[in-house]
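We count residues from 1, following the sequence as given. Heavy atoms only: backbone and side chains are in, while hydrogens, waters and symmetry mates are out. Keep in mind that this is a model prediction, so the values were computed, not measured.
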Amino acid sequence: MSAPGGFAHRERGDGTVVITHRGRAAATLRGARAAKFLDELAAGDPQLVMARWTGAYKFGNERTARDHPRNQRR
């Protein structure tokens with residue numbers, strides 16, 4: 001499985017953090033959640049942290065689901 005990519009974040013003057021994925025807004029964080037996100041961002045891999053916070057990450061079962069018999073006709 002490849003690492004997540006395409007994420008970026010922007011901090012606004014009012015403390016709001018906007019996370020984008022491939023140029024589209026994926027999440028907007030405010031207040032304590034924004035502060036917690038920025039702390040995690042500084043401590044870990046930025047792409048993984050943003051993927052986790054937006055919920056846009058792979059779960060590892062995509063290949064299993066693709067190969068399931070009910071999905072063979074697709």
Side-chain angles (χ1 to χ4, degrees):
M1 174 172 34
S2 64
F7 289 98
H9 76 285
R10 184 175 357 146
E11 297 177 53
R12 294 185 176 163
D14 62 355
T16 303
V17 176
V18 178
I19 303 172
T20 58
H21 184 247
R22 297 185 180 154
R24 300 178 117 185
T28 303
L29 307 172
R30 294 177 180 90
R33 287 183 52 128
K36 185 175 179 182
F37 167 76
L38 292 172
D39 289 343
E40 284 188 30
L41 196 64
D45 178 24
Q47 293 293 306
L48 289 175
V49 171
M50 288 185 272
R52 190 175 61 77
W53 275 79
T54 60
Y57 55 93
K58 293 188 176 189
F59 299 99
N61 63 350
E62 289 82 8
R63 182 173 296 147
T64 304
R66 184 188 68 208
D67 295 338
H68 192 275
R70 83 169 158 248
N71 296 327
Q72 292 303 311
R73 290 176 270 159
R74 296 180 185 186

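When all heavy atoms are compared, the tightest approach of G15 to A34 is O-CB, 3.6 Å.
F37 and V18 fall into different hydrophobic clusters, where Ile, Leu, Val, Met, Phe, Trp and Tyr residues are linked whenever their side-chain heavy atoms come under 4.5 Å apart, directly or through other members.
Between H21 and F7, the ring-plane angle classifies as tilted under the 30° and 60° cut-offs.
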Q.
side-chain contact (heavy atoms from CB on, under 4.5 Å), that's the test. Do V17 and R12 meet it? Break it down for me.
A. CA-CA 6 Å; V17 176; R12 294 185 176 163; over 6 Å; no
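In this structure, T20 has no side chain to side chain donor-acceptor pair (under 3.5 Å) partners at least two apart in sequence or on a different chain. Under the rule for a salt bridge (Lys or Arg N to Asp or Glu O under 4.0 Å), the partners of E40 that lie at least two apart in sequence or sit in another chain are R52.
With rounding to the nearest 0.5 angstrom, the OG1 atom of T28 is 9.5 Å from the CZ atom of R10. Note that CG of L29 and NZ of K36 are 11.5 Å apart. Values are rounded to the nearest 0.5 Å.
Between the side chain of T54 and the backbone N or O of M50, at least one donor-acceptor pair lies under 3.5 Å.
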